[in-house]
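Below is one structure, written out as structure tokens; the observations come after it.
To find a chain, count down the sequence lines: A is the first, B the second, and so on, and within it residues start at 1. All figures in this text were calculated on a predicted structure; none of them were measured in a lab.
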Number of protein chains: 2
Amino acid sequence: MIFDDIDKRLLFYLQKDSKQTNKELSNKLNLSVTAVYERIKKLEKRGYVDKYVALINKEKVDKAFVAFCHIKLVKHSQDYVVSFEKEVNRLNEVLECYHISGDYDYLLKVLVKNMEAFREFMVKKLTTINHIGSTHSMFVINEVKHTTAINM
Amino acid sequence: MIFDDIDKRLLFYLQKDSKQTNKELSNKLNLSVTAVYERIKKLEKRGYVDKYVALINKEKVDKAFVAFCHIKLVKHSQDYVVSFEKEVNRLNEVLECYHISGDYDYLLKVLVKNMEAFREFMVKKLTTINHIGSTHSMFVINEVKHTTAINM
DNA sequence: AATATAATTAGAAAATAAATCTAATTAAAT
DNA sequence: ATTTAATTAGATTTATTTTCTAATTATATT
């Protein structure tokens with residue numbers, strides 16, 4: 001199977017705006033509507049597209065306070081890791097969690113209303129999770145760049 | 001204007017899958033198709049929805065190596081900050097860039113093919129940007145959680 | 001190079017969904 | 001209680017997606 005330049009350009013446009021009609025895309029790609037349609041279906045079927053989503057304005061829904069939390073576990077045994085990761089998945093303030101190299105074990109992206117809500121989150125939710133050794137939080141002063149679009 | 005529980009549930013569904021038809025949404029929300037349609041248009045108009053996008057599978061497009069880079073500037077004068085932020089916006093390996101509190105000034109999320117590509121990025125692109133004092137990179141071993149859906 | 005095979009594309013037709021309109025209902029304000 | 005505004009439902013129109021058939025293009029085989 002081939003994944004050519006037209007496919008790349010198609011994904012580029014869909015990553016910018018997935019609500020474009022196939023006709024609009026067909027103009028940009030110099031193809032017929034059917035050709036665009038078939039390519040999109042092919043890309044979806046082969047797993048290139050994870051999903052289509054609406055991206056919500058976090059200021060509008062009052063969740064504009066963003067923090068990154070480094071977390072160290074007390075031990076790195078299989079069961080500690082598994083249970084920590086399961087707990088983190090339950091916390092809906094945590095949008096992202098990465099197991100990373102370096103001084104800390106995990107990096108979390110946390111979204112809440114304000115500093116007070118963040119304190120609540122830390123005290124009542126995060127630090128009640130077992131096996132956490134230490135944490136280190138960094139607060140987002142300004143979002144300089146934020147895109148979901150992968151460049152191919 | 002009111003932003004009620006139905007709106008919240010509607011955004012919840014749209015954040016999961018924006019390709020659902022209004023009929024499917026109307027079933028989930030126990031509303032008519034028109035009511036769903038009007039609510040979506042209202043939310044869009046009032047700025048609740050930033051945009052609709054396709055989320056692409058990074059393994060499929062061979063950009064599965066993820067790194068977070070801490071960056072310190074040599075100075076924090078206005079012009080240094082402005083020019084750094086402008087440069088970062090140009091780099092398409094950088095999906096996200098945050099000005100943060102703490103030991104470092106910035107946190108970058110970088111997406112490339114592999115470690116070799118990351119090295120290339122650091123040497124040929126990132127560190128050629130002026131005003132960078134020091135950097136510290138963390139590599140993603142595993143993506144434990146990753147969602148774009150804000151919980152309201 | 002000629003032929004067969006598969007993949008991609010285009011255009012028309014059918015099916016489906018979005019958008020608009022009018023009227024009815026519900027909620028909020030006076 | 002009455003007016004006003006907002007929301008909703010159902011019907012209709014408009015637009016888009018999906019399917020179908022045929023033509024074209026690319027790839028593989030002899």
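Residue pairs meeting the salt bridge (Lys or Arg N to Asp or Glu O under 4.0 Å) criterion with at least one member in residues 51-61 of chain B, sequence neighbours excluded, are Lys58(B)-Glu143(B). Sorted by first and then second residue, the salt bridge (Lys or Arg N to Asp or Glu O under 4.0 Å) pairs involving residues 76-91 of chain B (not counting sequence neighbours) are Glu87(B)-Arg90(B).
For Lys41(A), the salt bridge (charged side-chain N to carboxylate O under 4.0 Å, His left out) criterion is met by Glu44(A), not counting sequence neighbours. Applying the salt bridge (charged side-chain N to carboxylate O under 4.0 Å, His left out) test to Asp103(A) and every residue at least two apart in sequence or in another chain returns nothing. Qualifying salt bridge (charged side-chain N to carboxylate O under 4.0 Å, His left out) partners for Lys125(B), counting only residues two or more places apart in sequence or in other chains: Glu93(B). For Tyr13(A), there are no ring-ring contact (aromatic ring centres under 6.0 Å, His included) partners at least two apart in sequence or on another chain.
Between Asn30(A) atom CG and dT9(C) atom C1' there is a gap of 13 Å when expressed in whole angstrom units.
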Enumerate all atom pairs, one protein N or O and one N or O from nucleotides 16-18 of chain D, separated by less than 3.5 Å.
{"unit_1": "dT17(D)", "atom_1": "OP2", "unit_2": "Asn22(A)", "atom_2": "N", "d": "3.1"}
{"unit_1": "dT18(D)", "atom_1": "O5'", "unit_2": "Tyr37(A)", "atom_2": "OH", "d": "3.1"}

Find every protein N or O atom lying less than 3.5 Å from an N or O atom of nucleotides 22-26 of chain C, and list the pairs.
none

Return all side-chain donor-acceptor pairs below 3.5 angstrom for residues 113-120 of chain A, not counting sequence neighbours, or 'none' if the list is empty.
{"unit_1": "Asn114(A)", "atom_1": "OD1", "unit_2": "Glu116(A)", "atom_2": "N", "d": "3.3"}
{"unit_1": "Asn114(A)", "atom_1": "OD1", "unit_2": "Ala117(A)", "atom_2": "N", "d": "2.8"}
{"unit_1": "Glu116(A)", "atom_1": "OE1", "unit_2": "Arg119(A)", "atom_2": "NE", "d": "3.4"}
{"unit_1": "Glu120(A)", "atom_1": "OE1", "unit_2": "Lys124(A)", "atom_2": "NZ", "d": "3.2"}
{"unit_1": "Glu120(A)", "atom_1": "OE2", "unit_2": "Lys124(A)", "atom_2": "NZ", "d": "2.9"}

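Between Tyr106(A) and Phe84(A), the ring planes lie tilted relative to each other; the angle falls in the 30° to 60° range. Taking the six-membered ring where tryptophan is involved, the planes of Phe65(B) and Phe139(B) are tilted, since the angle between them lies from 30° to 60°.
For the helix from dA1(C)-dT30(D) to dT30(C)-dA1(D), the end axes, each set by the C1' atoms of five terminal pairs, are bent relative to each other by 40° (nearest 10°).
Using a 3.5 Å distance cut-off with no hydrogens or angles, the side chains of His76(A) and Asp105(A) do pair a donor with an acceptor.
Comparing dA10(C), dT8(C), dT8(D) by their nearest atom to the side chain of Leu31(A) picks out dA10(C).
In this structure, the separation between CD1 on Ile40(A) and CG on Leu10(A) is 5.0 Å, given to the nearest 0.5 Å.
Counting Ile, Leu, Val, Met, Phe, Trp and Tyr side chains that sit under 4.5 Å apart, directly or through other members, Val82(A) stands alone, with no cluster partners.
For the pair Asp7(A) and Arg46(A), the salt-bridge criterion is not met [side-chain N within less than 4.0 Å of a carboxylate O].
Annotation: proximity of residues 9-18 of chain B to DNA chain D (heavy atom, distance under 4.0 Å) is found for no residue.
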